Amino acid sequence: MPLTFIEIEKQKNWRIGLLFIVLLFLYFCVTLALIQGFYFVFLNPVFLLRGINWAYLLIIMAFSFMFATIHFLFSAVGAVGSVMRHLGATLPDPEDGIHKRLMNIMDEIHVVTGNKRNIKCMVIPSLSMNALAVADLNGEAAVMITEGLLSRLTRDQLEAVMAHEAYHILSGDCLETTVAASFFGMYASMLEKIKDLGEENGRGFHPAFLFFRILLKLSQILNMFISREREYRADAASVRMTRNPLSMAEALHLISRNWTGVGFIGNGLEMLCIVSPQAAALDESEGWWADLMSTHPPIRKRMGILLNMASTNIAELDAKLNQKTETTNMQRSAEPVYYALDPKQQWQGPFSIADLSSLPWLSPLTWIKSGSEQAIERAWRNPLIDPIFIASLSRQESEISDFVCPHCNQPLIKISYEKTRAYQCRFCSGILVGTDKIPRIIARREVPCTDRLKSLAKAVLSDNQRKTTINKLRGIDAKTKSFLPCPKCKHAMFRTFYSSAYLVEIDRCGICGLAWFDADELEILQCLIENKITLRVGISPA
Amino acid sequence: MAILLLILISVLIAGLAVFILWTIFIYNQLVSLRNEVQNAWKQIDVQLKRRHDLIPNLVSIVKGAMEFEQDTLEKVVSARTRAVAATKPQEKAAAENMLTQALGKLFAVVESYPQLKSNENIMQLQEELTTTENRIGFARQLYNDLVANFRTKLEIFPNNIIASLFSFQREEYYSAAEADKAVPAADISIRKT
């Protein structure tokens, strides 16, 4: 008959309480063993034979307890801030959908725990899969979760993990861990010093400290045992809160298959994590030795308990998750994949259609290469990718016109430019206006002429002046060269300078009376005229 | 003899003092538990109010795209109106259950509209409603857990003597409607209680 989460919690509660008292008692024994060791080495070797002096023992204990408390206060005050800085954790971004979900889940945990304590949630910028809870004496408490874990878990799984971590805070596990670390950490480093000194002197480890060493090891083992019991209890508490043992088991299963953050989440924090980041083989072994020497219980054992509550078993869960992975893989293999040339001219991919639609830099003019073919084409020419742009336009609140961008082949949207009706391409930022409206646009000065536009205008003017001179010398007339299709009638437009004074090239349709300006061209023309920018050097066109 | 009497009186006084202290302790414990239960009940109302506030937004976003599902939308709107207007606990519970069902149907319908499913506003709103439904579920769960705890403290011996002395009443559990116990037909990621 499997235990219920209530029975597990009760059982672990009294066991942890009792063991913690034993641990504190061991602390005094360790202190005493250390003092005796020093006494034996430096002062009076027959002290032990004289019997126990209780007053002396009490003074030693009072002092050691005082030192340990001071150490604890120093480590426990501001612990959240120092762990946060160490791991680079930040508060979740409310604009981000996944982070927003995390914040909502944290609020749900507050509701189910009766708002007993305000717990912050934080995100660690790491691809590893782990989560940890920290609390300090300033009253701060936080559950920190890696981006890797946050992105891969479902809502229910994430809720189970957050409930597990929140329970570590609410039950005082975090502070207890800090207490134990403070009490025994000092002695562990002292033992190392004694060992080093012995080796330097060539005498080896002094036998007077043997008892101290054994007791310290015993306390460390006991501490790890308590840590394992805490994990079982937090799993049970997570089920009590979410009533969903299956999701907790699935989350553990998923975490165990991925990188848990070894090297990223350092020593000392491993007891605070949902699974040990150290990834030692011992962690997953069973048996008394593994039980004694690891901070976390084997994941399969934890999963076994949780799955018992859900009336299923590990084999069934494995089969279910493998089937899900196979289905996802089959769906993925059936989908076409693409590579896209990013703005830095680097090929990126492979991307599915869904991946492509979420790329912020994808535009109809992006070069695309299909995974199975070597041919390269513009994104808008691909019939499977083109609907992405239509969908993105329909999501915007702008009014779509009947004109089509000559570059991107996408509908232009209606805009008001210098309070005049114009049409703009949302992707390449080109603007279409009636040729009769150009003078009034140029006359108005609402669009500011920035420094960037000014320098761009000078560069364009200089380049066009040079090209004009060369063409004149060669006897070529640029006006006759056909270029882009008209956004309205689709006939080829002719590309010409706006005027011989202002050498900015624009595309005009003689049939429809429309002029097409590529991105920045209209602003550059306005800027040239507004600031009277003309070239003073070069060969006169005449 | 006088010493014996003195000892007897002292024991009686000490016993009485222990009894009074124990009574005070039990009484205070029961009072704080009762307050926790009442607070948990109010928390359910807070979450229900949150749900009522979200529904007008949801309706305004989906109504344009769901021309042929006006009936589903109307049911949501009328269920909300009834839930907001209900004053008696039983009436309120019935109205809220109806609203839960209406919302469930609405989201099942949304699933069949691809343009709605991919709409960012709808996705955000769906997340907000999912979290609200979860919070309502969790608030009810907390309430029932506290009621169970309160009832246990009230009924165990010798607490039951103090409880009857000071007229402490048993709080009632929140029980799910029969319709809610049925397995939902479509997965809409909304928790049922």
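Only a predicted model underlies this, so the values are computations on that prediction, with no experimental measurement involved. Each chain gets a letter, A, B and so on, in the order its sequence line appears, and its residues count up from 1.
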Does atom [atom1] ([X]) have a neighbourhood of more than 12 heavy atoms from anything else shown, all under 6.0 Å?
{"X": "I3(B)", "atom1": "CD1", "answer": "no"}
{"X": "Y173(B)", "atom1": "OH", "answer": "yes"}
{"X": "N35(B)", "atom1": "CG", "answer": "yes"}

* **Heavy-atom donor-acceptor pair, Q141(B) side chain to R240(A) backbone, under 3.5 Å** =>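 Side chain of Q141(B) to backbone of R240(A), a donor-acceptor pair under 3.5 Å: yes, one is there.
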
* Should E108(A) and Q47(B) count as side-chain neighbours, where that means a heavy-atom distance under 4.5 Å? ->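 No. Closest side-chain heavy atoms not under 4.5 Å.
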
* Asked: If we only count heavy atoms from C-beta on, is the T131(B) to R101(A) side-chain gap below 4.5 Å?
  ->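 They are not in contact (no side-chain heavy atoms under 4.5 Å apart), so the answer is no.
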
* To do: Taking all heavy atoms of V112(A) and all of L142(B), pick out the closest pair and write down the distance.
  =>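 Looking at all heavy atoms of both residues, the closest pair is O-CD1, 3.3 Å.
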
Measure the spacing between [atom1] of [X] and [atom2] of [Y] and express it to the nearest 0.5 Å.
{"X": "E127(B)", "Y": "I98(A)", "atom1": "CD", "atom2": "CD1", "result": "9.0 Å"}
{"X": "D107(A)", "Y": "N134(B)", "atom1": "CG", "atom2": "CG", "result": "11.5 Å"}
{"X": "I109(A)", "Y": "R135(B)", "atom1": "CD1", "atom2": "CZ", "result": "11.0 Å"}

* Considering only heavy atoms, which portion of A40(B) lies under 4.5 Å from any heavy atom of chain A: side chain, backbone, both, or neither? ->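 No part of A40(B) comes within 4.5 Å of chain A.
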
* Check whether D145(B) gets within reach of chain A through its side chain, its backbone, both or neither, counting any heavy atom under 4.5 Å. =>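 Side chain of D145(B) only, per the 4.5 Å heavy-atom cut-off to chain A.
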
* Single hit among H110(A), E159(A), M241(A) for side-chain contact (heavy atoms from CB on, under 4.5 Å) with F138(B) ->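 Going through the options one by one, the only one that passes is E159(A).
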
